[in-house]
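Below: the structure, in structure tokens.
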Amino acid sequence: MGSLKKVFNPHEVEEKWYSFWQESNFFTAHTDSEQPSFCIVIPPPNVTGSLHMGHALNATLQDIITRWKKMSGFNVLWLPGTDHAGIATQNVVEKELSKEGLDRYKIGRDEFIKRVWKWKDLYGGKIIHQLKKLGCACDWSRERFTLDEGLSKAVREVFVRLFEEGLLYRDNRLINWCPRCHTALSELEVEYEEIEGSLYLIKYPLKDKDKYIIVATTRPETMLGDTAVAVHPDDNRYSHLIGQLVQLPLTNRKIKIIAEPSVDPAFGTGALKVTPAHDFNDEAIAKRHGLPSISVIAEDGRMNDNAGEDYKGLNRYECRKKVVADLTKLGLLLDVKKHSHSVGHCYRCKTVIEPILSIQWYVSINSLASEAVKAVKEGDIRLIPEIWNNNYFAWMKDIRDWCISRQIWWGHQIPVWYCPECRMPDGKSQGDMIEHIFYVPLTLKDNESISSGTYSQLISIGMEHNDIIKKSKIIRIPKDVIPLSQKHDLQECPSCGSRNIIRDPDVLDTWFSSALWPFSTLGWPDKTDDLRKFYPTNVLVTGFDILFFWVARMIMMGLKFMKDVPFKDVYIHALVRDLKGHKMSKSKGNVIDPLVMIDQYGADAFRFCLAAFAAQGRDVRFSEKRVEGYRHFINKLWNASRFIVEYSEFKTDRMISEYSDNELDLFSKWILSRLAATIKEVNRDIEAYRFNDAASSIYQFVWHEFCDWYIETTKHVLYKGSKKDKEAVVDCLYYTVKNILLLLHPFMPFVTEDIWHEVSDSNSSIMLEPYPLKIKSYPQAESEMNYFIDAVSGIRHIRGELNISPSAEIKANIKTLSSRPLRVLNDNLHAIMKLTRCNDIKIADDISRSEDSAISIKNEMEIYVPLGGLLDVKSEINRLSKEIAKVESEISFVNKKLMNEDFLKNAPTDIIEKERGKIDLLIEKGKKIQESIQILKTI
RNA sequence: AGGCGCGUAGCUCAGUGGGAGAGCGCUUCCUUGACGCGGAAGAGGUCAGGGGUUCAAUCCCCCUCGCGCCUACCA
């Protein structure tokens, strides 16, 4: 033990203690431990990102639970890791390439993936290691990555088993396509945003050349793919036209007018153009009416051959301009109105989504979802706060099959192969059906160039199998081609033995691998010790924004493959917003960097602030001022500890429990009792994920009970007491501070560890100490302490209100109205004098008031402060008059109640008794003050 | 459009069927032997508005207004 420095400096200790913990392996969970297990898997952050406030809050809460459970005797595993974030990571590396004038096609798939790994090793996973700055007790020896070998094995296992059970299928549907990322997205990956656009009214000529039907659209360029015009069957304006053909302008197609009840006659003109290949509603209409789909926009967002010679090759927006111009020339554009509507954007790159038709892999979700609903309904999984249950159920009810294939390279490549040499059931060669589109057109021997062809064609012109695969930018494999899937890479076609097989080029949605996170990270599919010990995990701590993306899918996969829930509790915390309540985002420029907060105020203050903000069911509006406030709290704790350490020479080896009741003074028993209450509350609140309540209980106890009252009352003993009295008080001070540090450790790991080494005899870490659980209470001391506090506050109140300088020594007389306050106050006379700066206090039951006194009426006592010439009679009368007004209004309020017969009839007796007791005291108090005013008036 | 949540001190937020609390800010005073990142004493609120249930409503129910979020739709 040394002594604490004058000022606490977070920077000096944070790194020191973190590496101490890590080197001592305190974060490591033990497979052979006898202790009960407790496990949290971290929501794996995106490997491309850097730490933001959301991560900081999320990690702080997990760390609080982790440290609390460790100290409470559990073998805790907090398992960290990152997710490979397919699209995001691929985007980052593609941007890098484009700076070098390259793209992924130029360097090829293998080279590209090597590049991404290299990037990942250099810059990836920054977030997860930034958590160390926060003090997180993650078991780094078990850190995982969704693309590492083990997790890839788990993905492969899951895919193949779902495939074999028939829960995976390919289908040709309209999907959300990002023309920039060049991939399909699931519906969850599309963000809708309100856009100020235009509504174009376009005349479609009827067979009777002078007449038109007018359609309304926000996307005129899609008219090139129209295959019908739909009107409501009961719409009188149009019912006579149903069944007629219209000439689709800018094309030479004629399309039919159909009756469709889903059309809203009140919207636009009541006539809807139907473009099944580029609109989800239109696709549904087309299905009902057997309409063809004509795709006019290609994967790169440009118009394709079907759009016609004039438009082919233009991008969507250029085409829109030209279509509008051409319609205007033809006199077919009737009007353009302003119109705001919501438009889907890619959640990664914010490009406007294009619905296009394509073949994708889907997970058949219904059977998985119904199990996942059951788990929450039957309470095997608790969502906390419960308010999320409804959201969860609603989403699960409307859940659609999950599109899991992505047309990118960074990720788990789908373990499916197709054999071009086999024949389909109808006898056609599969190779005739598989179409290859090249990155760059190939020049053949006779100088002809080709940009695409079927597999069979390309083979017939002499291309090698591997060459075809390598040069293909897109491989179109029709739905009917038979997919082959197995755990180990397929080397040859199991039916024809051909080695020229084609692997599905797509990769899986990143969330597919994160869905397995709670068991894949523990070693599944191998039957590992970790898996046995830590699955199911105990709690998942996460934000609501990924409840569907991730939590729901983990529940489905856990139930399916582990036959058990992945976690018992899901604690859903708030989003961190800025002071105005807006989401923090780089584009808004309102981001607060957690690392800056740590740098400025220290990790402990920052963490405590996050915990204090984490009230259930409410968003966090982050305020830097509050971090500062908690930095002051740490300073307070630090200085309280410094004070105690000064008296370390009086510390004995006695345990506090070895002190008998009469060896401890009132204040010591009181603070121990308050500590007992705080310990109880903090444990209860952390258990219930009420982190803010736990934090404020400790704050209140440390500052306003321990520092404000206990330390102050020990001073007269420490300055003037006997050795024996000092020992008792110092032992109690040490005991309380040590318990405060233990209670605070999960919230403020660094400063508590630092002080611990000064105040405890042990050289090891506070992390290894047991968390305070239950200690003795002293209810009598708590109630007696109130007399003391009343006496001190009464005198201070008079001082403050009458503006008597704190340095002026005064006298006080206290008349007690019963024996208890008489005894309590007399026993602690010196402490009262010290805290009120009185040089003389008389306490008795027969004190009479002197004329020149200021007074204060408290429970069972009357306090007189004789002031002689110092008494400003006028302001004292003023003060007492204010007080009497307050008392009188209270009396009339309580009286009204007690006069009410219904109240007396219906209210519980304890409430009635309370009111009766109140009124007697109030009347007595009023009388006393009144008398006092009278006396003052005579002066 | 539907759902959820919120509206409490100047600001950021707790909270409860029996006359409301914290932090910061504000006012006055204080170089009191842990701490001015401190101490003492204060000011400040018809708990968004209206109606209902109840002996009693800030809290429960209904409506209105304002704000936020989610889901769906938006030709």
Side-chain angles (χ1 to χ4, degrees), chain A residues 4 6-8 192 194 197 199-202 215-219 222 229-230 263-264 267-275 279-282 339-343 387-388 390-391 394-395 398 544-545 547-548 575 577 579 581-583 601 605 609 612-613 615 617-623 625-626 628-646 692-693 696 699-700 703-704 707-708 711-712 715 718-719 793 796-807 834-837 889-890 893-894 897 900-908 910-912 914-915:
Chain A
L4 294 164
K6 185 108 205 266
V7 185
F8 173 64
Y192 288 87
E194 203 68 20
L199 191 63
Y200 300 84
L201 302 187
I202 305 170
V215 300
T217 182
T218 53
R219 300 195 58 196
T222 63
V229 172
V263 174
D264 174 7
F267 188 93
T269 60
L272 165 72
K273 62 189 263 323
V274 181
T275 321
D279 184 286
F280 287 96
N281 285 323
D282 293 3
H339 178 67
S340 85
H341 58 137
S342 82
V343 176
I387 215 137
W388 292 103
N390 280 341
N391 252 306
W395 186 73
D398 293 334
F544 63 82
D545 47 332
L547 185 60
F548 308 135
L575 236 52
R577 297 171 184 283
L579 261 181
H582 297 133
K583 253 188 192 174
Y601 302 101
C609 184
F613 263 130
R618 202 200 251 257
D619 284 344
V620 172
R621 291 197 193 190
F622 190 80
S623 136
K625 270 284 176 195
R626 270 186 77 166
E628 196 186 341
Y630 293 119
R631 175 66 187 85
H632 295 171
F633 174 61
I634 291 170
N635 185 59
K636 188 78 179 171
L637 174 69
W638 181 261
N639 280 297
S641 309
R642 276 180 61 213
F643 172 77
I644 289 154
V645 169
E646 270 180 56
N692 59 322
D693 290 336
S696 62
Y699 184 99
Q700 175 68 25
W703 201 310
H704 300 301
C707 291
D708 285 355
I711 287 187
E712 294 307 320
K715 282 179 180 171
L718 295 174
Y719 300 160
S793 308
R796 282 176 172 175
H797 175 80
I798 289 168
R799 274 199 113 105
E801 285 290 275
L802 297 182
N803 266 334
I804 296 160
S805 157
S807 53
K834 176 100 188 133
L835 296 199
T836 56
R837 298 213 107 207
S889 90
E890 272 182 75
F893 176 77
V894 178
K897 267 187 178 178
N900 183 343
E901 277 182 36
D902 289 326
F903 174 73
L904 297 173
K905 212 161 57 191
N906 292 310
D910 57 320
I911 296 289
I912 297 173
K914 208 171 114 193
E915 298 295 322

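Remember, predicted model here, so these are calculated numbers, not experimental data. Each chain gets a letter, A, B and so on, in the order its sequence line appears, and its residues count up from 1.
Within 4.0 Å (heavy atoms only), A/Tyr630 reaches no atom of the nucleic acid at all. Nucleic acid contact class of A/Arg626 (heavy atoms, under 4.0 Å, all strands): base. Nucleic acid contact class of A/Glu628 (heavy atoms, under 4.0 Å, all strands): none. Residue-level contact check: A/Glu194 touches neither bases nor backbone, having no heavy atom under 4.0 Å from any strand. Among the protein residues, A/Val894 comes within range of no part of the nucleic acid, since none of its heavy atoms lies under 4.0 Å from any strand. Residue-level contact check: A/Ile387 touches the backbone only, with heavy atoms under 4.0 Å from sugar-phosphate atoms and none from bases. A/Asp693 comes within 4.0 angstrom of the backbone, heavy atoms only, and of no base. Within 4.0 Å of A/Arg631, counting heavy atoms only, lies at least one base atom of the nucleic acid. Among the atoms of the strands shown, none is found under 4.0 Å from any heavy atom of A/Ile634. Within the nucleic acid shown, A/Thr218 comes within 4.0 Å of sugar-phosphate atoms alone, with no base atom in reach, counting heavy atoms only.
Counting only heavy atoms from C-beta on, A/Lys897 has its side chain closest to B/G18 among B/C69, B/A34, B/G18. Of the candidate nucleotides B/U12, B/C24, B/A34, B/A34 has the atom nearest to the side chain of A/Arg642. Here the nucleotide nearest the side chain of A/Arg796, chosen from B/A40, B/C24, B/C29, is B/A40. Listed candidates were B/C69, B/C29, B/C37. Nearest to the side chain of A/Asn803 is B/C29. Set against B/U12, B/G18, B/A34, the side chain of A/Ala640 has B/A34 as its closest nucleotide.
With P as the reference atom, B/C65 and B/U54 are 28 Å apart, rounded to whole Å. For the P atoms, the distance from B/G17 to B/C73 is 41 Å, rounded to whole Å. Nucleotides B/U27 and B/A43 are separated by 15 Å at their P atoms, to the nearest Å. Spacing between B/G49 and B/C67 at atom C1', rounded to whole Å, works out to 15 Å. Atom name P, nucleotides B/C47 and B/G19: the rounded distance is 14 Å, in whole Å. Remark: the separation of the P atoms in B/C6 and B/C62 is 13 Å, to the nearest Å. Of the P atoms belonging to B/G51 and B/G10, the separation is 24 Å, rounded to the nearest Å. Of the P atoms belonging to B/A9 and B/A14, the separation is 12 Å, rounded to the nearest Å.
Figure legend. B/C26 is base-paired to B/G42; pairs are counted as Watson-Crick or G-U wobble with both atom distances under 3.5 Å. Remark: B/C13 base-pairs with B/G21; criterion is Watson-Crick or G-U wobble with both hydrogen-bond distances under 3.5 Å. Across every strand in view, B/C35 sits unpaired, with no contact that passes the Watson-Crick or G-U test at under 3.5 angstrom. Base pairing analysis places B/G7 opposite B/C65; the two distances defining the Watson-Crick or G-U wobble pair are each below 3.5 Å. If you check B/U71 for Watson-Crick or wobble pairing at under 3.5 angstrom, you find it paired to B/A1. B/C47 makes up no base pair with any nucleotide shown, lacking Watson-Crick or G-U wobble contacts both under 3.5 Å. Pair check for B/A57 finds none; no Watson-Crick or G-U wobble contact set falls under 3.5 Å.
Put simply, the side chain of A/Glu712 does not reach to within 4.5 Å of the side chain of A/Lys834, judged on heavy atoms. For the pair A/Phe544 and A/Leu575, the minimum side-chain heavy-atom distance is below 4.5 Å. Put simply, the side chain of A/Asp708 reaches to within 4.5 Å of the side chain of A/Trp703, judged on heavy atoms. Two residues are said to be in side-chain contact when any heavy atoms from C-beta on lie closer than 4.5 Å; A/Tyr601 and A/Tyr630 fail this criterion. For the pair A/His341/A/Leu199, no side-chain contact is recorded, criterion being any heavy-atom separation below 4.5 Å from C-beta on. Side-chain contact check for A/Phe613 versus A/Cys609: some heavy-atom pair is nearer than 4.5 Å. Residues A/Arg631 and A/Phe8 meet the side-chain proximity criterion, which asks for heavy atoms closer than 4.5 Å.
For the pair A/Phe267 CZ and B/A1 C1', the computed distance is 14 Å after rounding to whole Å. Here B/A57 presents its P atom at 11 Å from CG of A/Asn900, a figure rounded to the nearest Å. If you take CG of A/Asp279 and C1' of B/C73, they are 11 Å apart, rounded to a whole angstrom. Computed from coordinates, the A/Asn906 CG to B/G17 P distance equals 19 Å when rounded to whole Å. In this structure, A/Ile804 places its CD1 atom 16 Å from C1' of B/U32, rounding to the nearest Å. Atom OH in A/Tyr699 sits about 9 Å away from atom C1' in B/C24, given to the nearest Å. The NZ-P distance, from A/Lys834 to B/G39, rounds to 16 Å in whole Å. What separates CG of A/Asp910 from P of B/G18 is a distance of 12 Å, to the nearest Å.
In this model, the phosphate group of B/G21 is not approached by any side-chain N or O of A/His704 to a distance below 4.0 Å at OP1 or OP2. Side-chain nitrogen and oxygen atoms of A/Asn635 include none within less than 4.0 Å of the OP1 or OP2 phosphate oxygen of B/C37. Of the side-chain N and O atoms in A/Lys6, none sit less than 4.0 angstrom from OP1 or OP2 of B/A34.
Ring-base stacking between A/Tyr719 and B/G33 is satisfied, the centre separation being under 5.5 Å and the plane angle under 30°.
Cation-pi contact between A/Lys715 and A/Phe643: present, with separation from the ring centre below 6.0 Å and deviation from the ring axis of at most 45°.
For the atom pair OG of A/Ser696 and CG of A/Asn692, the computed distance is 6.5 Å after rounding to the nearest 0.5 Å. How far CD1 of A/Ile644 is from CG of A/Asn639: 11.0 Å, rounded to the nearest 0.5 Å.
A salt bridge is defined here as a Lys NZ or Arg NE, NH1 or NH2 lying under 4.0 Å from an Asp or Glu carboxylate O, and A/Glu628 with A/Lys625 meets this definition.
One N or O donor and one acceptor, one from the side chain of A/Lys636 and one from the base of B/C35, sit under 3.5 Å apart.
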Pairs: protein N or O with nucleotides 42-45 of chain B N or O, under 3.5 Å:
{"residue": "B/G42", "atom": "OP1", "partner": "A/His797", "partner atom": "ND1", "Å": "2.1"}

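Within 6.0 Å of atom CD in A/Glu901, 12 or fewer heavy atoms from other residues, nucleotides or ligands are found, so the atom counts as exposed in its surroundings.
Between A/His339 and A/Trp703, it is A/Trp703 whose nearest contact on RNA chain B lies nearer the 5' terminus. The 5' end of RNA chain B is approached more closely, in terms of each residue's nearest nucleotide, by A/Phe643 than by the other of A/Phe643 and A/His341.
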